Amino acid sequence: MNIGFVADTAPYDYSFTSECLENAKKPQYNGGIVLNPKLKEGLKGWNSFGNVKLEVRVSETGNEFIVSYQRNRSFDSVSQEFFLDHEKLYTFSAWVQISHGDEATVVATFRTPTSFYNAGLTKAKSGCWSMLKGGLTVNQSSSSQLYFQSDNLSVDIWVDSVSLQPFSQEEWKSHQYQSIEKVRKSKVKIQAVDDEGKPLANRTLTIAQKFARFPFGCAINKNILTKQAYKDWFTSRFKYTTFENEMKWYTNERFQNQEDYSASDALLQFAKSNGISVRGHNVFWNDPKYQPSWVPNLKPKQLAAAATKRINSIMRRYSSQLISWDVVNENMHFNFFEKNLAKMASSRFYSIASTLDKTAALFLNEYNTIEEPGDGSSSPDSYLRKIREIRAGGYRGSLSVGLEGHFSNVNIVNIPYMRSAIDKVASARLPIWITELDVQHGPNQAESLEQVLREAHAHPAVNGMVMWSAWSPEGCYRMCLTDNNFRNLPTGEVVDKIIKEFFSTVVMGTTDGNGFYETSLIHGDYEAIFTDIIRYQPEKDAKSTRISQDFKVEPILGSSGDVLNINILG
């Protein structure tokens, strides 16, 4: 079955509202399988979870919502029971509010007989409604209870417009297919004509992709410099990379005032000589345990001087040679520089960075935003808040979003949550890359990797992705793509499959009676080749000639039905 044409497939709703609103919006998918999602029928379908009191209230504008009050435990709240199918993928959303106070984290959780699944969370406020959007998959089919939890026991939890929408695997793949057709491809009409402009009808045509517009890469480290087999394997696949450790402060300045850029210089030269673009990782790392050993002992003035020296040193050295910089790495989980310098240290570093390299994109970079629904430190809400904090600190320049993507493989990758988390971060309208993608070793590692790669590539808000799989003889960080002889592991086979499908496409076709051939192509650079053209030359025999022409396929402004017209002259 062609997954692009699944009958009666409900379209996926990519929308997310980041603003806190006076009234909750209507539930997505009309509530899906939720009974009484708008509370129009009182408490029908809803029950208490834990020791809590429930009631339906009506706002001044006539909107009904449910209130959980007299809460004594974090999970005391409203609940509804569902049967969840392990073959389905579930998207979830709700609108929540708290009774008083500035803010409280509210988590939507599903309890099955054997497990608990966090579907998502939001920073709920009083006086306005916040959208909680997420998703889940389960390991086995069973009954399940939805409930909401908050560690702030003093607040009542208000809930409205709840939605739980199941999708089959085929429907989910159909969403990906439709998104790729819409945002990654354009329709192309090619006409082949001879020297006199006459159409070349019924001729065999090969269209070969030479370069993909969507960046897809993999990390490397200094081991590649001395391993020809590693070089050959890597350069035949990737045009984008990140250095694993060679640009980090603890590598470049192991001892104070003794800088060493030999490894990063050599790697950059290797990349340049092979036409590979490089992401700069990283200027600073906000985790205290990953500072150079001499840095934590510095007093504030000394640290400020050392940090200023560091950012000037590395960014001036590589200015205009990299496509991007992770300026302050993982500054949602950690706050070394904010704690030891100033509350707005990150904002200050981005301001300095913007003056030192005016061509590279400046990224935030964080883990667990798309991987773990229960990590409040780097949730989509926290990511959006960090962006606002950096702006409030005085930085007004461009920003890009780095979502690391280190997926655990304990049970199953939560692809619906991944999609919803990207939806939420995309509301900031900033460029998004998946920057350190890997899947922890386990029995389903390769299968999970393929799911994540396909989801990331298909999401309309994602602009590029780099895998975190640099090879080392003693083993990779969490995911290897090859063995030590650079033969593909199952994960490497998945990568080659994805590359063949999206980044080195070859299409065979035949022109019609008017010399036309129509298709849909991934955005990128192509070569069109005819090998059965007969040329007649004066006083010479007829000769079969190979004719080729390069062309580009780029996004077309206008409707999705627009066609890029290309003439191939004989």
Side-chain angles (χ1 to χ4, degrees), residues 1-9 11-12 170-171 173-216 239 275 454 457-460 463 496-570:
M1 180 177 65
N2 188 334
I3 61 172
F5 300 96
V6 177
D8 301 322
T9 299
Y12 177 80
E170 291 75 17
E171 289 171 330
K173 292 175 183 177
S174 178
H175 299 155
Q176 294 174 340
Y177 175 89
Q178 292 165 13
S179 178
I180 288 170
E181 288 294 314
K182 182 177 180 180
V183 303
R184 305 280 181 235
K185 288 185 172 184
S186 289
K187 293 180 181 179
V188 176
K189 180 185 288 186
I190 293 173
Q191 184 181 33
V193 297
D194 62 17
D195 294 337
E196 298 177 353
K198 296 179 179 179
L200 295 171
N202 305 314
R203 301 301 176 90
T204 301
L205 169 68
T206 300
I207 301 173
Q209 187 180 32
K210 300 168 68 177
F211 184 79
R213 191 174 187 270
F214 183 91
F216 179 55
K239 289 297 181 184
R454 289 187 179 280
H457 178 252
H459 199 290
N463 301 109
D496 281 358
K497 179 181 178 180
I498 294 294
I499 289 173
K500 182 178 180 181
E501 185 172 348
F502 297 124
F503 307 115
S504 60
T505 304
V506 176
V507 176
M508 302 288 292
T510 303
T511 60
D512 64 16
N514 295 313
F516 285 105
Y517 176 73
E518 293 187 48
T519 188
S520 179
L521 295 176
I522 292 278
H523 300 143
D525 297 350
Y526 288 85
E527 181 182 23
I529 306 166
F530 290 89
T531 55
D532 59 349
I533 303 299
I534 305 299
R535 285 186 180 275
Y536 294 93
Q537 302 177 21
E539 301 177 357
K540 293 184 180 181
D541 295 333
K543 183 179 181 181
S544 180
T545 304
R546 177 183 185 274
I547 296 177
S548 67
Q549 181 170 317
D550 292 342
F551 64 96
K552 293 181 181 292
V553 179
E554 296 179 337
I556 302 171
L557 297 178
S559 69
S560 58
D562 286 347
V563 177
L564 175 66
N565 291 295
I566 300 167
N567 285 324
I568 305 295
L569 301 179

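Predicted model only: the values in this text are computed from it and were never measured.
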So which atom in [X] and which in [Y] form the shortest heavy-atom distance, rounded to 0.1 Å?
X: Ile180; Y: Ile522; result: CG2-CD1, 4.1 Å
X: Val553; Y: Leu521; result: CG1-O, 3.8 Å
X: Thr511; Y: Ala192; result: CG2-CB, 4.5 Å
X: Asn202; Y: Gly513; result: OD1-N, 4.5 Å
X: Asp194; Y: Glu196; result: OD1-N, 2.9 Å
X: Phe530; Y: Thr204; result: CD2-O, 3.3 Å

- prompt: Do the side chain of Ser548 and the main chain of Ala528 share a donor and acceptor less than 3.5 angstrom apart?
  reply: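 Side chain of Ser548 to backbone of Ala528: no pair is present.
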
message: For His459, is there any backbone N or O sitting under 3.5 Å from a side-chain donor or acceptor partner on Ser179?
response: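 No; zero donor-acceptor contacts below 3.5 Å.
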
task: Apply the test side chain to side chain contact (heavy atoms under 4.5 Å, CB included) to residues Asp525 and Asp550: give CA-CA distance (whole Å), side-chain angles for both, the deciding distance (0.1 Å), then the verdict.
output: CA-CA 7 Å; Asp525 297 350; Asp550 292 342; over 6 Å; no

First locate atom [atom1] of [X], then atom [atom2] of [Y], and finally report the distance between them rounded to the nearest 0.5 Å.
X: Met508; Y: Tyr517; atom1: CE; atom2: OH; answer: 9.5 Å
X: Arg213; Y: Phe503; atom1: CZ; atom2: CZ; answer: 13.0 Å
X: Asn514; Y: Gln191; atom1: CG; atom2: CD; answer: 7.5 Å
X: Lys500; Y: Thr505; atom1: NZ; atom2: OG1; answer: 10.5 Å
X: Arg454; Y: Lys497; atom1: CZ; atom2: NZ; answer: 5.5 Å

message: Ring-plane angle category for His457 and Phe214, please: parallel below 30°, perpendicular beyond 60°, tilted otherwise.
response: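 Perpendicular.
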
field: Parallel, tilted or perpendicular: rings of Phe551 and Tyr526 (30°, 60°)
entry: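 Correct class here is parallel.
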
Test applied, side-chain hydrogen bond (donor to acceptor under 3.5 Å, both in side chains); reference residue, Ser520; option that passes from Lys187, Arg184, Glu181: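 Per the side-chain hydrogen bond (donor to acceptor under 3.5 Å, both in side chains) rule, the option paired with Ser520 is Glu181, out of Lys187, Arg184, Glu181.
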
- request: Taking the side chain as every heavy atom from C-beta outward, state whether Ile207 and Ile190 have any atom pair closer than 4.5 Å.
  value: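 Side-chain contact under 4.5 Å: yes.
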
- prompt: So do the side chains of Gln176 and Tyr12 get within less than 4.5 Å of each other, counting heavy atoms only?
  reply: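 In short, these two side chains do not touch, never coming nearer than 4.5 Å.
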
query: Are a donor atom and an acceptor atom from the side chains of Ser174 and Gln178 found within less than 3.5 Å of each other?
result: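 Judged by distance alone, the side chains do pair up.
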
- prompt: Is it true that the side chains of Ser186 and His523 contain a donor and an acceptor less than 3.5 Å apart?
  reply: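 The criterion, which ignores hydrogens and geometry beyond distance, is satisfied for His523 and Ser186.
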
- request: Just do the side chain to side chain contact (heavy atoms under 4.5 Å, CB included) check on Phe211 and Lys552 with the steps written out, would you?
  value: CA-CA 9 Å; Phe211 184 79; Lys552 293 181 181 292; over 6 Å; no

task: Evaluate the criterion side chain to side chain contact (heavy atoms under 4.5 Å, CB included) for residue pair Val507 and Leu205; output intermediate values, then yes/no.
output: CA-CA 8 Å; Val507 176; Leu205 169 68; over 6 Å; no

